[in-house]
Amino acid sequence: MSYSPKEIENKWQTKWSEQEAFEPKDDKSLKKKYILSMFPFPSGRLHMGHVRNYSIGDAMARYYRKQNYNVLHPIGWDAFGMPAENAAIKHGRHPKDWTYSNIAYMRKELKTLGLSFSETREFATCDELYTKWEQEFIIKMFEEKLLYRESTTVNWCEECHTVLANEQVEEGCCWRCDNEVELKEMPGYYLDIRKYADELLEDLKLLEGKWPSQVLAMQSNWIGKSQGLEFAFKLSDASKEKLGNKFEGFEVFTTRPDTIYGVTYTALAPEHPIVKELIKNELLDAEVIEKITAISNMTEVERAKAGKEGFDLGIMVIHPLTNEEIPVWMANFVLASYGGGAVMSVPTHDERDFEFATQYNLPLKYVISGDLESEASAPNKAYTGEGTLINSQEFNGMKNSEAKAKIIEEFEEKNLGKGTTNYKLRNWGISRQRYWGAPIPFVHCESCGLVPEKVENLPIALPEDVEITGEGNPLENHPTWSTCACPKCGSDAKRETDTLDTFVQSSWYQFRYATDPKKWNECGIDKDDVNYWLGVDQYIGGIEHAILHLLYARFFTKALRDVGFIEDLKEPFENLLTQGMVLMDGAKMSKSKGNTVDPDALIEKYGADTARLFTLFAAPPQKELEWNDSAVEGAFRFIKKLYDRRSKVGSNELPSIDHASLSKEEKLARAKVYEALQKSVDVYEKTFAFNTLIAACMEALNALDKQENEQVWTEGLYIITHLLEPIIPHVCTELSEELFASKNLAGKIAILEEVFVQDSITLGVAVNGKRRAEIEVDAGASKEEIIAMAKESIAKWLEGKNVVKEILVPNKMVNLVVK
RNA sequence: GCGGAUGUGGUGAAAUUGGUAUACACGCCAGACUUAGGAUCUGGUGCUUUACGGCGUGGAGGUUCGAGUCCUCUCAUCCGCACCA
């Protein structure tokens, strides 16, 4: 009978499901592995990226299951989010209906891939039961002051009609729709991720060697820790008066306290309260006010593109050490969101300050001498290197690296300022003005203010009777939903209509999977279960989540720990593999480019095993995968060949073979088989270079084909189907059942060292490091014999020369150094 | 600019501690079987040279008996961040 993937795959998928073959066991004394692929958004259909992601995870899960580990390998649905609402607008379908029917379809698709997921632990994040527990966490975080509501400038996407977190803005545009993001002042809920900035940064060290260095670097940059001096500039008396005595001065932050004597002006962001006050009281020219207002309405990206622009604000501050009066400017490059929105400017030693000072003719004062001569001759740029302090009173002559600490000390002693740490990371804005999300469980009461909902009333579920038009927030527009009683005083109140960012759901799903589904009604996260299963031993997903999801989930883990929902756990994802993209003609597969391959069609034509084999064979998982139709054919051919060779098997046991009595070809075949077996441990547990393991199995099969010994064939297929079962499970399980009564799929197979002993060995012979010949020597040949043979083989290279050194690399080569 | 990676045949890619560069596969070429084949099987396939040989892992140096692998410099490409004071 020829290879019929459909028949075999149906048979085993049905069996696995009936036998509940992939459910983790309750016994916590077993050694465990938690293998997690990032869960999909139920967009409607699987794409090749999913196939790749889940093929990688499934290979690992099946490997460890076979090694008798208790394996948790779950799947679920990241089900809230904008596309559901867009579908509603476009096709008039309710987001809930759209989402759950997509899930039903994609669940079937996953099944046809033969993935070994737990079926009892599946959930969708839009399930009300999931929302319920998430709302409880949110309320607890509010009570513990990790969550707050405030009105501030936010990133607004008009297209998506919602606020975006800082992480969700890419080059000034919305991460989802690419629309340009606007700035808008509005209230919203924030999680205090900044409180964890240092811990998030420090704990990256725990992940070194376990996460890709690129992801670690990206997170570290994103957190953006810098150390320096924070101090206040006091306004001059005249300036203070000008501002109606409302301000004493303003705080600035610098990482270069060593250049403090070089300050020749200061600059404020257009949003700075002092600038606002000047505008409010019309203390600036009408034209200037107009221009500053225009800058305030620009996004950061627009400001950066526009070039430097600034205005003298007509006020002065006092230098804290020299007591000189220094002018205050507004500058468009000063960020309101960092370092208090104000800077001290040292044009001689900071490139931006230099550019600005040159543009507006502001004075320069050198305070660090690096290379004095070139400075004098070409003061056309800032000197940002190391050097010695000059023009800096008692600090003159000090190395600038040393002066940093000394000057901070000076400020601290005189009570003028203090050493401090700043982060680029901003707090996580989690409000979304959209319908298809988890409602934020708070109530606005006129007398009590912001009040969290009572936990016993959770979940606060979404109303189903909504009109989704794309205009405004459907919850806001709902006639009755937001009307409620205040949980505290009982008077009429209004329910919060913002919903939670979908990244909140994906920040704790790894704990939900770990929680025994029998407890899902009683708690969101079970501590004991989490203690047993977490951290995730291997997490697999796309690099695009390097900052967003992976940073949020790390933070949420620490926050959940601190508010008491999980016990001591530093990091949720112990090891991370970021898989490469699937490409077609060098470009990422995408519907809009029309260069996609439909997994359903692929499976229909070749079967799931071929799809999986190609995916894992064509490139190592970390690299990009270039699609190639004829290579898919090649994968199919290999499986057919493997299936066809089952007629060579003579018994259902691993035979015991008298190795010494075998022919050369038979010995070689055995060696190839065992080489693959030897390689498999490293591949499955460390390198994940499945492509090399598959290649080794192909080599083994090629070698087996060159001999006819039935015992060698039996042993070979016993081991090859054992090795490939995690990758092409259907055909291997089928062969294993038919040929070996499934014995080769339980436990380990021992490596027999004897098979690596060959009758003869082929050695390369090099002269002065250049390969010149090849010799075949007896396995037991002595060094002298080998060298003698080597010399003979390259006799023509030795004419008239002397061998000065003989190097024998056992089993590899001989190198003769001649003169 | 800062940070992270990657450069090996026509293509995807291999290569323990430095030890026969190009395994495995795709493609291509030739042959076999076929009425036929875009099916299957077998063999060949780094470049160059009539040959002996020479040259080959982005480039230039270095260490070494020996370098894809280690060191220094350099070029190119990709990705992320980007006026963060």
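Lettering of chains follows the sequences in order, A, B, ..., and the numbering in each one begins at 1.
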[X] side-chain N/O to [Y] backbone N/O, donor-acceptor pair under 3.5 Å:
X        : Y        : answer
A:Ser296 : A:Glu271 : no
A:Arg52  : A:Gly580 : yes
A:Tyr606 : A:Asp609 : no
A:Ser345 : A:Pro347 : no
A:Asn422 : A:Tyr338 : no
A:Asn166 : A:Asn427 : no
A:Asn400 : A:Gly387 : yes

Write down the distance between [atom1] ([X]) and [atom2] ([N]), rounded to a whole number of angstrom.
X        : N      : atom1 : atom2 : result
A:Tyr265 : B:rA85 : OH    : P     : 15 Å
A:Leu548 : B:rG80 : CG    : C1'   : 12 Å
A:Glu251 : B:rA85 : CD    : P     : 17 Å
A:Lys424 : B:rC83 : NZ    : P     : 8 Å
A:Met218 : B:rC2  : CE    : C1'   : 14 Å
A:Arg772 : B:rC65 : CZ    : P     : 19 Å
A:His272 : B:rA85 : NE2   : C1'   : 14 Å
A:Met581 : B:rA5  : CE    : C1'   : 14 Å

Tell me what [X] touches on the nucleic acid: a base, only sugar-phosphate, or nothing, going by heavy atoms under 4.0 Å.
X        : value
A:Lys308 : base
A:Ala217 : sugar-phosphate
A:Pro620 : sugar-phosphate
A:Val334 : base

Taking for each residue the nucleotide of RNA chain B bearing the nearest heavy atom, is the 5' side occupied by A:Asn768 or by A:Ala618?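 Checking each residue's closest nucleotide, the 5'-ward one belongs to A:Ala618.
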Toward the 5' end of RNA chain B, by each residue's nearest nucleotide, A:Lys305 or A:Glu624: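 Between the two, 5'-proximity favours A:Glu624.
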For A:Glu708, is there an ion pair with A:Arg645 - N to carboxylate O distance below 4.0 angstrom?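 Salt bridge between A:Arg645 and A:Glu708, a charged N being under 4.0 Å from a carboxylate O: no.
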Are A:Lys225 and A:Asp198 ion-paired here, with the side-chain N under 4.0 Å from a carboxylate O?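 Judged by the 4.0 Å cut-off on N to carboxylate O distance, A:Lys225 and A:Asp198 do form a salt bridge.
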Answer yes or no on whether A:Lys640 is positioned over the face of A:Tyr3, meaning its NZ or CZ is under 6.0 Å from the six-membered ring centre and within 45° of the axis.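 No.
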Against the six-membered ring of A:Tyr643, is A:Arg646 placed for a cation-pi contact (under 6.0 Å from the centre, within 45° of the normal)?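 Yes, a cation-pi geometry holds between A:Arg646 and A:Tyr643.
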Say you pick atom [atom1] in [N] and the same atom in [M]; how far apart are they, in whole Å?
N      : M      : atom1 : value
B:rC83 : B:rA15 : C1'   : 46 Å
B:rC70 : B:rG19 : C1'   : 14 Å
B:rU40 : B:rC47 : P     : 26 Å
B:rG58 : B:rA5  : C1'   : 16 Å
B:rG54 : B:rU63 : C1'   : 26 Å
B:rC28 : B:rA82 : P     : 46 Å
B:rU34 : B:rU49 : P     : 40 Å
B:rC29 : B:rG46 : C1'   : 16 Å

Supply the atom-to-atom distance A:Leu207 CG to A:Lys210 NZ, rounded to the nearest 0.5 angstrom.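 The distance works out to 7.5 Å.
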Just verifying a value: how many Å separate A:Lys365 NZ and A:His349 NE2, rounded to the nearest 0.5 Å?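 It comes to 10.0 Å.
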Quick tally for nucleotides 17-28 of chain B: nucleotides whose base has a protein heavy atom under 4.0 Å get B, sugar-phosphate-only ones S, the rest -, giving --BBS-BBSSS-
Using a 3.5 Å limit on both distances, find every run of at least three consecutive Watson-Crick or G-U pairs that involves RNA chain B.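 The stems that RNA chain B takes part in, listed by first number, are B:1-7 with B:75-81, B:10-12 with B:24-26, B:27-32 with B:40-45, B:46-48 with B:53-55, B:58-62 with B:70-74.
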Is the base of B:rG9 syn or anti, where syn means the angle lies within 90° of 0?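 Syn for B:rG9; the angle stays within 90° of 0.
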Is the shortest side-chain N/O distance from A:Ser213 to OP1 or OP2 of B:rA5 below 4.0 Å?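 For B:rA5, OP1/OP2 do have a side-chain N/O of A:Ser213 under 4.0 Å.
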Mind listing the N/O atom pairs, protein and nucleotides 29-34 of chain B, below 3.5 Å?
none

